[in-house]
Structures are given as C-alpha cells and as structure tokens.
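A, B, ... follow the sequence lines: proteins, then strands. Residue 1 opens every chain. Values reported hereafter were calculated over all heavy atoms of this structure, with side chains retained and with hydrogens, waters and symmetry mates removed.
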There are 2 protein chains.
Amino acid sequence: MGEGALFVAQSGGPTSVINSTLAGIIAAAQKKREIEGIYGLLHGLEGALRGEIIYLDNLRQEELERLAVTPGAILGGSRYHLREEDLDKIASFLIHHKCRYLLLIGGNGTMETCLRLQRVMQQKKAEVEIVGVPKTVDNDLVETDHAPGYLSAARYVALAVRDQLMDLESMSRFEQVRIIETMGRSVGWLAAASFLAVDPINVCYPIFIPEVPLDEDEFLSFIDKIYRQQGFALAVIGEGVIDKQGQPLGIQPFNDMDKEKGCHVVRTGAAENLARLVTERLGLRARAQVLGMNQRSFSTCVSSVDREEAYEVGRAAVELALQGGGGNMITLQREGCLSKTGFVSLERVAGAERKLPLEFYDSANKKVTPKFVEWIMPLVGELGPSYLYRGEIMRFFSWRRENQEIAWCGGINLWPELG
Amino acid sequence: MGEGALFVAQSGGPTSVINSTLAGIIAAAQKKREIEGIYGLLHGLEGALRGEIIYLDNLRQEELERLAVTPGAILGGSRYHLREEDLDKIASFLIHHKCRYLLLIGGNGTMETCLRLQRVMQQKKAEVEIVGVPKTVDNDLVETDHAPGYLSAARYVALAVRDQLMDLESMSRFEQVRIIETMGRSVGWLAAASFLAVDPINVCYPIFIPEVPLDEDEFLSFIDKIYRQQGFALAVIGEGVIDKQGQPLGIQPFNDMDKEKGCHVVRTGAAENLARLVTERLGLRARAQVLGMNQRSFSTCVSSVDREEAYEVGRAAVELALQGGGGNMITLQREGCLSKTGFVSLERVAGAERKLPLEFYDSANKKVTPKFVEWIMPLVGELGPSYLYRGEIMRFFSWRRENQEIAWCGGINLWPELG
C-alpha cells in the first residue's frame with residue numbers, strides 16, 4: 001500500500017471507552033512505517049470542515065495509557081448533520097493534507113457518513129481507505145456481536161438499578177414506586193441490562209423497551225400487581241418508549257433546536273410522565289429517576305472487557321486500513337466468552353438499527369430471557385459483593401402487638417421464652 | 001448496668017453505608033452478656049407502633065459481613081412524623097418487651113425523636129438508654145466532624161461530576177451548558193464535594209449552595225463568562241437552592257402528599273429550571289442532570305473510610321449504651337487524617353442544622369476553599385486514575401484552512417514539512 005497520513009475522528013456522543021479506541025488506533029499507527037503523520041480531527045468531520053486538527057504522532061506511551069482510561073471523547077464528538085457540499089469540502093481538505101487512511105469512530109449514523117464520504121472520495125479519484133470503528137452505548141449497530149461502549153453503560157445501569165431497588169425497598173413506607181429511565185433512543189439494550197445485578201429470587205420488576213409500544217393500562221397493572229405483592233414497585237424504561245399510537249412518551253426539550261440544526265432528537269421525560277400517571281391512577285407515591293449522562297461517562301465502573309475490546313477494535317482498524325480494507329467496519333465476533341475482531345462491509349451496517357431481539361426479551365412478562373443473561377454476563381464483568389437481602393432476615397420476623405404474637409414464618413412462634 | 005434487650009432502628013432515608021452501622025451494632029451486641037436479645041424495629045419507630053420486629057441475635061458472621069456492604073436500610077427507613085400519642089404507644093411497647101437499650105440510626109430529625117422518646121420513657125420511670133447513631137448523606141448533623149453516609153455520597157458526586165465535565169467538553173459543539181443537581185435540601189456539603197476530582201487547572205465551574213440565595217443574573221453571568229472562556233459551562237447546584245426572595249428554585253412534586261402526611265418536603269427541579277433559564281436568556285443549549293438516588297445508594301464506589309466509620313459508630317453506640325450513656329449521640333472526632341468516636345448530648349444536636357461554613361465556601365467566586373479540600377480529601381478515598389486532558393493534547397493543535405496555517409500555540413508552525 002502507498003504511504004500517507006492517517007486521520008481519525010470521534011463522532012456522535014462519547015462513551016466511557018471511546019478514548020480507549022483512540023489510544024488503540026494511535027498506538028498501532030505509531031508503529032507503522034507506512035503512516036506519515038497521525039492526525040485527529042476535532043469534533044468528528046467538522047474538524048476537516050473547520051480545518052481543526054491535532055497532531056497525534058508525538059503522544060507518549062504514558063499519555064496513551066492515560067488516554068485509554070479517560071472518559072469523554074478527547075477529540076470532541078459531533079452531532080452535526082453533513083450536507084453534500086460539506087462532504088465535498090471535507091474530501092478536498094483530506095486530499096490536500098495527503099490523507100491515505102481515515103478512521104471514523106462512531107455509531108450507525110457515522111457508518112452512513114463513511115459510505116457517503118467514500119463515494120465523494122471515489123468521484124475525486126482519491127486513494128483513501130475509510131474504515132468505520134464501532135462505538136455506541138445503545139448497542140444498536142448491526143453485524144457485530146456488540147459494540148464498544150455498550151458493556152460499560154450496561155454495567156453502570158445494572159449496578160445502579162440493583163442498588164436503587166434496595167433503596168426503594170427501604171423506603172416503601174414513604175414512596176412506593178420508582179421509574180428508572182435508561183438511555184436507548186429506539187432500542188432496549190440498556191434497559192434490558194438493568195436486570196443483570198438484581199436479586200432474581202426476592203425482587204420482581206418489569207422492563208419496558210422502545211421496541212414494544214407501552215400500553216398504559218398494562219403498565220399500571222404491572223405496577224399495581226407488583227406493589228401488592230412486595231409493597232413497592234420499580235420499573236425500568238428505555239428513554240425512547242412509545243405509546244400504542246407510536247408517539248414517544250418523553251417530552252422533547254431539545255426539539256426545536258434539533259430540527260433547526262438537522263441533528264437528531266434527544267428524548268427525555270418518559271419516566272416523569274409515567275411516575276405522574278402512577279400517582280394519578282394508582283394513588284401511590286412515585287418518583288422518576290433518569291440515569292442520564294452518567295451512563296456514558298461514569299468511568300469508575302467500566303467493564304474491563306469493554307475497555308480492552310474498545311482498544312482492540314482501534315488497533316484492528318489500523319491493520320485493516322493498511323491492508324486496503326477501506327469500506328468496512330470493524331466488528332466483534334463472539335467465540336464463547338471471548339470476542340475477536342472481524343470486519344463487515346459498511347453497506348451492510350450503514351443506517352441499519354439493531355433492535356433487542358425477541359429471543360432476548362419476553363414481551364408478555366416484560367422481562368429479559370435467560371438467553372440474554374447468558375449472552376451478556378461473561379462480557380459485563382464482576383458485579384460486586386453479595387448482599388444480605390431483606391428476605392433473608394425476614395425468617396426472624398415477628399409481628400407482635402401487646403401480648404399477641406403472630407410469627408411470620410408459617411405461624412411458628414420463634415421465641416417461646418418471650419412474650 | 002441491668003440486663004435487658006437491645007432494640008435498634010434505622011430512620012430517615014438510607015445511605016450506602018447505613019447497613020454497615022447496623023452490622024457494627026449487631027456484632028458488638030452479640031458479644032455482650034448483658035444484652036438479652038437484639039431486636040430490629042422495621043421502618044424506624046413505626047416498627048414499635050405496628051409491632052413489627054426482627055430478631056437479630058441469630059445473624060451469622062457471614063451474614064453480617066454481607067450486611068455491611070449492602071445498600072439501602074435493611075430494616076427499612078422511615079419519614080413518618082411521630083405524634084405524642086405515638087410516642088406513648090412506642091414507649092409502652094418497648095417497656096413491655098423489656099427494652100433496656102435503644103439505638104436509633106438517623107439524622108437530626110431522628111435525634112430530636114430520641115430526645116422526645118427519652119422524656120416519655122422518663123415519665124414512665126423506665127430505665128432505657130437511648131443512644132443516637134449518626135447517619136446522613138447531607139452532612140447536616142452538628143457536633144460531629146462529619147457523619148457516616150456523607151463521604152460515600154460525596155465520592156459519588158465527585159466522580160460523576162468529574163466525568164460529566166469530560167463528557168460535556170466533548171460535546172460542546174452540540175450542547176454547551178450542563179446543570180448538575182446534587183442532594184442537599186438545605187445545605188451545600190454534597191454540591192461542594194463535586195469539586196474533589198475535577199482537573200482544577202483546565203476546568204472552571206461554579207457551585208451554588210442552598211445556604212446562599214442564588215441571584216439569577218449573577219448565575220447567568222457566571223455561565224456566560226465561563227462559556228466564553230472554554231466553549232462550555234457546567235454548574236453544580238444543591239437541590240435546595242433558593243432565590244433572593246428565599247423561594248426554592250425547585251418544583252415540589254411531592255408537596256401535597258407531604259403536607260398531608262406531615263413529613264418533610266422533597267425538592268427537585270431546580271436544575272431543570274436553571275437550564276431553561278440559560279437557554280432562554282443566553283441562547284445556549286443547556287441540559288439538567290439530577291444525580292438523584294444514586295448518591296445515597298450506589299454502593300460500587302463508596303468511600304472505604306466511610307464504611308469503616310459507619311461500622312465503628314455502631315460498635316461505639318453499643319458500648320456507650322451499656323455504660324449508661326443514654327441521652328447522647330455518637331460523634332466522629334477528627335485527629336489528623338483519622339477519626340475516633342466520641343459522643344455529645346442529644347440536646348446539643350437535636351433539630352440543629354450544620355451549614356457549609358464560610359471558611360469552606362468562597363461565596364463571591366462560587367468555589368470551595370482549599371481548606372475544604374484539605375478537610376475532606378483524606379476521608380473521601382482514592383479518586384481513580386489520572387486522565388489525559390484535552391488541554392494537554394492541544395499543544396499539538398493546528399488550525400488549517402486551505403493553504404493557510406495558524407498554529408494554536410503562540411503562532412509556531414508545528415509542521416514546516418507539511419502544508
């Protein structure tokens with residue numbers, strides 16, 4: 001392959017491991033004689049439009065190690081929707097600066113951009129290898145077992161929901177219902193992951209995903225039934241849940257600005273609306289909790305598998321580009337508990353969206369399936385210590401009023417010596 | 001001292017280490033010959049009203065170890081406001097069940113309850129040692145260096161805000177302003193702790209606390225100035241921030257129910273309102289992030305000092321009760337980087353509120369002082385790996401458009417060989 005510069009950009013929103021991918025790319029590229037200069041574009045391809053670039057060749061090993069554990073996207077993310085004339089300018093900029101390899105780290109929108117840019121480059125007869133590098137907290141990229149970023153967000157959601165369940169159980173005399181909203185504009189992967197760390201014996205809660213329209217009456221009957229069973233009820237919803245008419249349950253505070261700027265809509269507010277519904281219709285105190293940006297940024301409990309895989313897809317992207325593998329996206333292919341990298345044509349990925357499959361979600365019972373748990377558990381990492389559950393100490397429970405005693409466990413009087 | 005049973009209850013909201021305190025109490029009490037039976041009251045003193053108790057004598061070492069790392073309050077928290085007739089019933093219940101020692105784990109409301117109950121007990125000529133055991137995420141208990149629960153919440157806030165700053169910086173082309181809301185109904189301790197893990201060289205953000213009324217114009221001028229300096233602006237506010245008229249900025253969704261049931265008001269919505277204000281007045285895209293219940297429940301990154309101290313105050317409470325030290329609350333007294341337990345009369349604690357002192361908060365600049373950092377840093381625990389900051393790689397930044405090149409670092413052309 002010919003010689004030239006390598007350009008890299010981070011696109012879309014950050015994940016807690018997207019910088020690990022960048023570190024993998026830089027480390028691999030620094031070793032290649034064929035690469036003359038490693039450049040980072042600031043804020044996705046906007047960096048090429050504005051001519052804002054950073055020279056990455058000189059980053060030291062120690063700096064790369066710090067980069068690999070840094071949340072956010074150090075080059076800057078982007079939600080700018082590129083017009084055709086933008087692509088033309090970007091192509092000219094890259095050609096002018098002797099770009100031979102272009103790696104774009106992003107989700108399915110970014111993969112579409114890769115394809116569009118590749119067509120413009122081909123029209124200009126430029127020899128540029130464009131490789132897509134997967135990244136998404138939503139896990140909505142097709143043709144890969146999973147995408148870097150998802151597992152860490154999943155781990156955060158799992159740990160947060162586990163502990164909020166313990167918290168809610170404690171406070172059931174004060175507040176009875178909690179609705180937790182996860183990311184997932186149109187897919188339920190993160191909402192599903194909420195189940196991973198909870199105690200499946202003692203606790204029951206429903207998960208509502210954007211793929212399946214939410215029926216208000218059905219939702220309320222789940223809450224009501226669980227509340228009656230255990231004295232409190234929690235539900236997890238993906239932020240993009242829709243009603244039976246296909247309308248999102250969340251209000252859309254960024255809407256106007258989004259339409260104007262052509263970038264995609266941020267949805268939030270679904271949990272708030274559902275909590276209000278619970279209070280109005282069931283008369284229970286209900287609180288909404290939006291897990292928010294922490295899902296993609298909180299770096300203290302990332303999945304170590306995720307961080308390593310993120311690094312690895314970066315490294316693999318450099319190799320593929322140098323082998324002339326432009327026009328592809330790096331993938332993760334599962335082999336038992338491990339994943340190895342592979343690649344797939346951008347054509348098969350661009351614009352497609354990977355829904356949570358029915359084999360992973362039991363729509364009737366609003367639960368994930370054992371198959372989902374089996375799939376994700378080896379990837380998500382150790383989920384912390386064993387708790388003592390209230391159910392365990394309830395074996396010593398007794399209801400005593402005055403001299404009367406009714407023991408909880410099958411009517412056995414646990415303390416014949418007292419009372 | 002005489003013999004009899006020990007009763008314990010957890011009151012108010014949970015913290016991520018309140019069960020560690022309970023474990024400390026049970027472990028210490030199990031070793032005491034003088035104690036005939038260890039009983040947990042469910043949901044604070046409501047457990048005595050309803051006659052709902054759990055026998056804790058039989059918990060095994062292995063169970064206590066799990067209890068110590070379990071979030072939530074395993075006996076159940078309570079926000080029920082006790083009336084005088086309730087206290088009378090509770091006293092009768094405890095006397096009937098030969099209660100000799102009563103330990104209440106809670107905040108300043110609970111300490112007031114301890115005092116009230118003690119008076120009723122004295123009227124009934126009952127020999128009961130009532131000891132208060134401190135717990136609060138807000139850190140608003142007086143007469144103790146800090147209270148168990150605060151440090152872990154502080155650590156969570158610090159880690160979350162650090163990473164959200166990195167996240168926001170990444171996305172500054174899409175959204176420019178983020179308002180993060182911490183717990184702290186009337187005190188700014190948790191908002192202040194947000195500063196602990198951020199990079200003080202590269203990042204600047206203001207902290208607004210409930211103790212100091214928020215002036216909207218001043219707030220906006222902080223945001224505007226910081227945005228102009230660094231291209232994005234984050235602010236941290238305590239949920240209970242008030243305006244210049246003394247009105248809370250947060251809406252109060254639980255209000256009606258709270259008034260009815262006599263328990264205290266939950267405030268939220270201040271961040272949402274301020275984000276809206278920023279968009280309206282400054283035309284910047286602003287997002288609110290409420291850190292929410294995770295602050296008191298997320299157990300994966302508790303401060304280990306906090307967990308140990310929580311256990312220790314529990315143990316100390318048993319010792320004090322057996323020495324006839326009823327009428328006191330256990331305290332933490334600072335000796336350099338370590339704390340040891342002490343005690344203080346409930347009279348001096350009950351109903352009092354510990355504000356963030358002026359020596360810890362620079363009201364003019366909306367920052368914490370070095371003295372605050374010095375005070376809290378040894379307690380809060382290791383705050384994770386060193387990041388690579390964008391400022392560090394900006395030394396390699398270049399702004400290039402067509403053939404023109406303007407290097408960022410003092411006009412030095414970094415790549416004479418190119419362009």
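- In plain terms, the two heavy atoms of A/V69 and B/S386 that are nearest each other are CG2-O, 3.9 Å.
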* Go through the steps to decide whether A/N58 and B/F396 satisfy the test side-chain contact (heavy atoms from CB on, under 4.5 Å), and finish with yes or no. => CA-CA 8 Å; A/N58 289 355; B/F396 302 126; 3.6 Å; yes
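- In this structure, A/R66 is not positioned above the aromatic face of B/Y387 in the sense of NZ or CZ being under 6.0 Å from the six-membered ring centre and within 45° of the axis.
- Taken to the nearest 0.5 Å, the OG1 atom of B/T70 stands 13.0 Å off from the CZ atom of A/R390.
- Using a 4.5 Å cut-off on side-chain heavy atoms (C-beta onward), A/M293 and B/R178 make contact.
- Between A/E52 and B/R173 a salt bridge is recorded (basic side-chain N to carboxylate O distance below 4.0 Å).
- Of the listed residues B/I393, B/I18, B/T300, the one with more heavy-atom pairs under 4.5 angstrom with chain A than any other is B/I393.
- To the nearest 0.5 Å, atoms CD (B/E392) and CG (A/L67) are separated by 10.0 Å.
- Here B/G77 is the residue among B/A275, B/G77, B/G12 with the most heavy-atom pairs under 4.5 Å with chain A.
- Taking the side chain as every heavy atom from C-beta outward, A/L291 and B/N294 approach each other to under 4.5 Å.
- Interface residue B/E46: only side-chain heavy atoms are found under 4.5 Å from chain A.
- Aromatic rings from A/Y156 and B/F298 are positioned such that their centres are separated by under 6.0 Å.
- Comparing A/S172, A/G76, A/P71 by heavy-atom pairs within less than 4.5 Å of chain B, the highest count is held by A/P71.
- Once rounded to the nearest 0.5 Å, the distance linking CE of B/M171 with CZ of A/R296 reads 5.5 Å.
- Contacts with chain B were tallied for A/T15, A/L383, A/L159, A/L59; A/L159 has the most, counting heavy-atom pairs under 4.5 Å.
- Atoms OG and CG, from A/S297 and B/D163 in turn, are 5.5 Å apart once rounded to the nearest 0.5 Å.
- Interface remark: B/L64 contributes no atoms to any contact with chain A (heavy atom separation under 4.5 Å).
- A distance-only check finds a donor-acceptor pair linking the side chain of B/S170 to the backbone of A/A73 [under 3.5 Å].
- Options A/G40, A/G292, A/A160 differ in how many heavy-atom pairs under 4.5 Å they form with chain B, and the most are formed by A/A160.
- Most heavy-atom pairs under 4.5 Å with chain A, from the set B/L42, B/L75, B/N19: that is B/L42.
- When each of B/E65, B/R276, B/Q289, B/H43 is scored by its heavy-atom pairs under 4.5 Å with chain A, the top score falls to B/H43.
- Within the 4.5 Å cutoff, the side chain of A/S299 has heavy atoms near those of the B/R162 side chain.
- With a threshold of 4.5 angstrom between heavy atoms, B/E63 approaches chain A through its backbone and through its side chain.
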